[in-house]
There are 2 protein chains.
Amino acid sequence: MKEIDYNEIPLFEGIHPDNLNKLLICINSFKKDFDKGETIIMEKDKVPYIGIVLFGNVHLLKEDIWGNSSLLSYVGPGELFGENFAVSVEQESSVTFVAVEKTRVLFLAASKIIHTCENACSFHARIAENMFHLLGKKSISYMNKLEIMSKESIRGKLMAYISTLAQQQKSKYIKAPLSRTQLADYLSINRSAMTRELGKMRDEGIIDFDRNTFVIK
Amino acid sequence: MKEIDYNEIPLFEGIHPDNLNKLLICINSFKKDFDKGETIIMEKDKVPYIGIVLFGNVHLLKEDIWGNSSLLSYVGPGELFGENFAVSVEQESSVTFVAVEKTRVLFLAASKIIHTCENACSFHARIAENMFHLLGKKSISYMNKLEIMSKESIRGKLMAYISTLAQQQKSKYIKAPLSRTQLADYLSINRSAMTRELGKMRDEGIIDFDRNTFVIK
DNA sequence: GTAAGTTTGTTGCATTTGCAACAGATTGAT
DNA sequence: ATCAATCTGTTGCAAATGCAACAAACTTAC
């Protein structure tokens, strides 16, 4: 597996590659690898670090009292995770983060981003600004999932989800980053009922699909 | 109606009252009043300002293509709204903000909080830090609503919602900040089915309620 | 105080969805 | 290449929920 290019990581946007190494030391960064299925952060854990996925994929899971776990969100290469806990006051995670495949993570100390650096590095202001942008974006993406989840029917949820992907991928041929089972879990609907509904939608000529690739007609 | 005390506004925590006036001028703040039902920010509007509710209440609504509007979130005195759009790159709102009653809002220029002040006011660093905390908290609150919405049944959603309120209010006697109709809208469930389920739950002795006050047994 | 408008409670019926069980397809390990 | 494990498709049935329609309670404006 190959790490994402550091200049493609949104948090580092606008920071000159020459400064990046200095910066990474300044904000106490370190890398860690996780195997498929391994837990990165458990619910209730203290989260003083922001995670950046270098390769692989991370799922955010929430288990309720009865052991039903649901897939709240997923994070791919270049994206952040745990940042909302890390920048909050308590820094306690309310969800579990799991590597769904072999995954490498770059961790950064949140306090070094929130507080102005004693050395007043020029790039410090820039990374704080980027962090603001990304926190806003993450919040908006949760609002977007809330919109999807607020649809009454399975069909409504599927259409809303596929539309979101179409916008992101700017194409009519949409590859879902989740398997069928995972998608049903993500949308909190029954897997077989979802397959049934997808079949109906294909019969009615609304969409077409093959495995986890979809086409809106 | 009376404005909330400025020293109870989380964004201003740790800032000495003597500095507050100077700060409010420095970050281009202004107040505005809205009548019941009035739209504060429309979907697609540019949002360069962060809103703080001084009195009243604000609802975040999202309308889909067919005109079905759903209640994503609500904001009360002292709380922020629009901040996730204001700190993002595009600054474009994807939802509509509506005053549900007579409401006064204090608006602050987001750019003045994100970027370090040229005067390097001492309190500037503090407000930026508070902003980080609040952005994280807001994100976490959306994740919490996602958890509620991921429950399959009406009963599951109601229990999850009431539990959340109980935690927030630290009491077994819980006053919901939403009317029945609004609550059904917030949870994206049918109002009459919700009333039916609440009745069942009372019959089974799980909860008790009167209007929008609930008791968990 | 009255009337109009809004919110809440109730109930029968149609539809949707979850569930369970199983078969076929696909993937992964050795 | 083979076997085990996991994922996907299918279908009948039971249960949950949405919907519609209406009555009662409550609010608001004049």
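In what follows, chains are A, B, ... by sequence order, proteins preceding strands, each numbered from 1.
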Handout entry: A/Phe85 and A/Phe97 aromatic ring geometry - parallel, tilted or perpendicular at 30°/60° bounds
Key = perpendicular

Can you give each donor-acceptor pair under 3.5 Å made by side-chain atoms of residues 23-31 of chain B, sequence neighbours left out, with the distance rounded to 0.1 Å?
unit_1, atom_1, unit_2, atom_2, d
B/Ser29, OG, B/Leu24, O, 3.0
B/Lys31, NZ, B/Glu3, OE1, 3.3
B/Lys31, NZ, B/Glu3, OE2, 2.9

Practice task
Check whether any side-chain nitrogen or oxygen of B/Thr195 sits under 4.0 Å from OP1 or OP2 of C/dT8, and answer yes or no.
Solution key: no

Nearest whole angstrom, please: distance from the [atom2] of [N] to the [atom1] of [X].
X        : N      : atom1 : atom2 : result
A/Arg202 : D/dT10 : CZ    : P     : 8 Å
A/Asn212 : D/dC7  : CG    : P     : 13 Å
A/Asp210 : C/dA25 : CG    : C1'   : 13 Å
A/Asp185 : C/dG18 : CG    : P     : 12 Å
A/Lys151 : C/dT16 : NZ    : P     : 18 Å

Problem - Residues touching DNA chain C, which here means a heavy atom under 4.0 Å, drawn from residues 172-180 of chain A - result: none

Completion exercise
In B/S/- notation (B base, S sugar-phosphate only, - none; protein heavy atoms under 4.0 Å), nucleotides 16-30 of chain D written 5' to 3' is -SBBB-----S----

Problem - With B/Lys137 via side chain to side chain donor-acceptor pair (under 3.5 Å) - residues at least two apart - result: none

Exercise for the section: Under the side chain to side chain donor-acceptor pair (under 3.5 Å) rule, collect the residues that match up with B/Thr103, sequence neighbours excluded. Expected result: none

Practice task
Calculate, to the nearest 0.5 Å, the distance between atoms CE and CE belonging to A/Met194 and A/Met201 respectively.
Solution key: 10.5 Å

Practice task
Scan residues 165-175 of chain A for pairs that pass salt bridge (Lys or Arg N to Asp or Glu O under 4.0 Å), counting only residues two or more places apart or in two chains.
Solution key: none

Problem - Inter- and intrachain pairs under side chain to side chain donor-acceptor pair (under 3.5 Å), touching residues 38-55 of chain B, at least two apart - result: B/Glu43-B/Lys62

Handout entry: Any residue meeting salt bridge (Lys or Arg N to Asp or Glu O under 4.0 Å) with A/Asp5, in chain and number order, not counting sequence neighbours
Key = none

Handout entry: For A/Lys102, all residues meeting salt bridge (Lys or Arg N to Asp or Glu O under 4.0 Å), sequence neighbours excluded
Key = A/Asp35

Got a list of side-chain donor-acceptor pairs under 3.5 Å for residues 155-166 of chain B, not counting sequence neighbours?
unit_1, atom_1, unit_2, atom_2, d
B/Arg155, NE, B/Glu197, OE2, 2.8
B/Arg155, NH1, B/Glu204, OE1, 2.9
B/Arg155, NH2, B/Glu197, OE2, 3.1
B/Arg155, NH2, B/Glu204, OE2, 3.0
B/Lys157, NZ, B/Leu187, O, 3.3
B/Tyr161, OH, B/Tyr74, OH, 3.0
B/Ser163, OG, B/Met159, O, 2.6
B/Thr164, OG1, B/Asn144, ND2, 3.3
B/Thr164, OG1, B/Ala160, O, 2.9

Problem - All side chain to side chain contact (heavy atoms under 4.5 Å, CB included) counterparts of B/Ser171, not counting sequence neighbours - result: B/Tyr173

Practice task
Note down the inter-axis angle between the two ends of the helix from C/dG1-D/dC30 to C/dT30-D/dA1, five pairs each, to the nearest 10°.
Solution key: 70°

